[in-house]
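Protein chains get the first letters and strands the later ones, always in sequence-line order, with residue 1 at the start of each.
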Number of protein chains: 2
Amino acid sequence: MTEVEKGPKGLRRGRGARERILGASRELFRDQGINCTGVDQLCTAAGVSKRTLYQHFGGKDELIAEYLRRFDPEVLPELFDRADLTPRQKLLALFDEHVPLCPFIGAAVELRDPDHPARAFARDYKHAFTARLVETARDAGAADPERLGEQLALLLDGASARSRVLDADAFVTAAAVARVLVDGALPPVSEPAELRSVS
Amino acid sequence: MTEVEKGPKGLRRGRGARERILGASRELFRDQGINCTGVDQLCTAAGVSKRTLYQHFGGKDELIAEYLRRFDPEVLPELFDRADLTPRQKLLALFDEHVPLCPFIGAAVELRDPDHPARAFARDYKHAFTARLVETARDAGAADPERLGEQLALLLDGASARSRVLDADAFVTAAAVARVLVDGALPPVSEPAELRSVS
DNA sequence: CGTTACATGCACCGATCGGTGTACTTGACA
DNA sequence: TGTCAAGTACACCGATCGGTGCATGTAACG
């Protein structure tokens with residue numbers, strides 16, 4: 001999958017194994033699930049020897065934990081930091097990208113151990129993400145930002161989970177609900193006739 | 001877990017193994033997941049020999065398929081067939097029971113094989129369930145029953161999935177959204193001051 | 001009775017999986 | 001050039017898992 005990385009000075013052969021492993025983990029864990037992805041397959045995909053993987057990560061559980069930890073500062077900013085969108089547009093644009101099943105929900109389903117470190121990461125991420133939504137809802141002038149943020153987060157999780165089973169796109173339905181909620185939460189008409197993606 | 005069943009005429013020792021196996025499957029698959037539940041553990045919980053399990057079901061995959069097939073005629077009727085509730089109340093009461101993660105979504109996450117028979121059952125069940133919601137929404141006089149039914153189904157899946165990760169109860173949030181959607185979909189005021197569960 | 005269908009108990013198999021030991025190679029840097 | 005850290009190649013281990021063979025037991029029914 002991922003080619004050998006090229007460092008700042010020419011190509012280093014096997015260096016940067018850690019990042020390649022994590023990259024392969026993201027792809028394979030997303031496509032096949034965590035339990036269904038073996039360490040050997042992971043090594044092959046990353047172009048890394050098995051020994052190297054165990055030198056970087058103490059075991060598969062630690063790799064899973066790191067795989068989940070890496071999600072924190074990535075997904076959101078691209079959308080939330082865009083200056084060309086109003087807060088209201090940001091809240092609605094969340095439903096335009098049809099993302100795969102939330103990795104944390106997937107991990108919570110696949111990992112039996114309730115004390116697995118991944119569980120804590122999952123909760124933390126969900127809280128942080130929801131907080132971001134609440135903040136944006138507040139910027140948009142929502143009457144009850146906490147409420148709206150929690151509701152939109154729920155819709156996103158629902159859409160990604162339901163899409164796993166149904167061919168019909170649950171994100172379209174979720175977007176419609178989101179529009180209803182957002183319209184209801186922003187008291188008067190905050191921005192008349194603003195640019196809105198064609199439904 | 002389950003004691004030896006007592007048939008109509010006294011206690012039969014091991015008879016009724018098939019149902020005991022399916023009962024244990026429901027419990028263990030729900031609590032531990034499918035992949036994390038071994039056949040041996042399943043047999044122990046059901047009080048059944050391993051050989052018997054393989055005589056009733058060709059293999060674990062067939063057992064999983066049958067486990068999922070059994071969901072069809074069970075969950076819904078209790079609520080949908082109640083005569084003491086108006087259609088509108090039925091739609092809202094769906095969110096009162098905080099069910100665990102939808103077994104079909106769980107299965108879709110855990111089973112890698114896209115051709116696994118479980119996938120088809122999952123789609124069929126989701127469609128049937130949504131159809132039931134649509135029908136009830138139509139009975140309630142919804143302006144766009146298809147739309148409302150699909151939206152409520154999405155909310156239920158979202159609540160069950162999100163509850164898997166968060167301690168905070170997503171069903172409360174989902175119920176609030178459902179109320180907004182239902183109120184918005186039933187044009188005038190269908191039933192003024194009807195009995196409503198305390199929020 | 002005896003028959004028959006269902007269930008048991010237990011040993012066992014092959015495959016897979018997570019993880020390790022060890023000796024070897026390679027690239028960067030001084 | 002020599003050193004050292006990072007990575008490689010490959011064999012190997014123990015545990016687990018899905019699944020099977022086979023001899024035995026037992027409840028129900030005629």
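Rounded to whole angstrom, the span from the CG atom of L63(B) across to the P atom of dC17(D) amounts to 15 Å. For I21(A) and dT8(D), the CD1 to C1' distance is 13 Å, given to the nearest whole Å. Across the protein-nucleic acid pair, Q41(B) atom CD and dA15(D) atom P stand 19 Å apart, rounded to whole Å. Summarising the geometry, the separation between CG on L53(B) and C1' on dG21(D) is reported as 16 Å, rounded to the nearest angstrom. With rounding to whole Å, Q32(B) atom CD is found 15 Å from dT16(D) atom P. In this entry the distance linking CD of Q55(B) with C1' of dG25(D) reads 14 Å, nearest Å.
Under the side chain to side chain contact (heavy atoms under 4.5 Å, CB included) test applied with F104(A), the options L68(A), V109(A), D124(A), D157(A) reduce to a single match, L68(A).
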Taking only N/O atoms, report every protein-nucleotides 18-21 of chain C pair under 3.5 Å with atom names and distance.
residue, atom, partner, partner atom, Å
dG18(C), OP1, K60(A), NZ, 2.7
dG18(C), OP2, V39(A), N, 2.8
dG19(C), OP2, Y54(A), OH, 3.1
dG19(C), OP2, K60(A), N, 2.7
dG19(C), N7, K50(A), NZ, 2.9
dG19(C), O6, K50(A), NZ, 2.3
dG21(C), N7, R51(A), NE, 3.0

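The shortest distance between the side-chain N/O atoms of S49(A) and the OP1/OP2 oxygens of dG7(D) is not below 4.0 Å. At the phosphate of dA7(C), OP1 or OP2 sits under 4.0 Å from a side-chain N or O atom of H56(B).
For E27(A) and Q32(A), the side-chain atoms include no donor-acceptor pair closer than 3.5 Å.
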Result block: side-chain N/O donor-acceptor pairs under 3.5 angstrom for residues 166-173 of chain A, not counting sequence neighbours:
residue, atom, partner, partner atom, Å
D169(A), OD1, H98(A), ND1, 3.3
D169(A), OD1, F171(A), N, 3.4
D169(A), OD2, H98(A), ND1, 2.7

- Verdict with reasoning, S49(A) to T52(A), per side chain to side chain donor-acceptor pair (under 3.5 Å): CA-CA 5 Å; S49(A) 86; T52(A) 302; 3.0 Å; yes
- Task: Could you please spell out the steps behind the side chain to side chain donor-acceptor pair (under 3.5 Å) verdict for T130(A) and R162(B)?
- Result: CA-CA 12 Å; T130(A) 305; R162(B) 195 164 164 84; 2.9 Å; yes
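Among residues at least two apart or in separate chains, ring pair (Phe, Tyr, Trp, His ring centres under 6.0 Å) pairs with a member in residues 41-68 of chain B are F29(B)-Y67(B), Y67(B)-F71(B).
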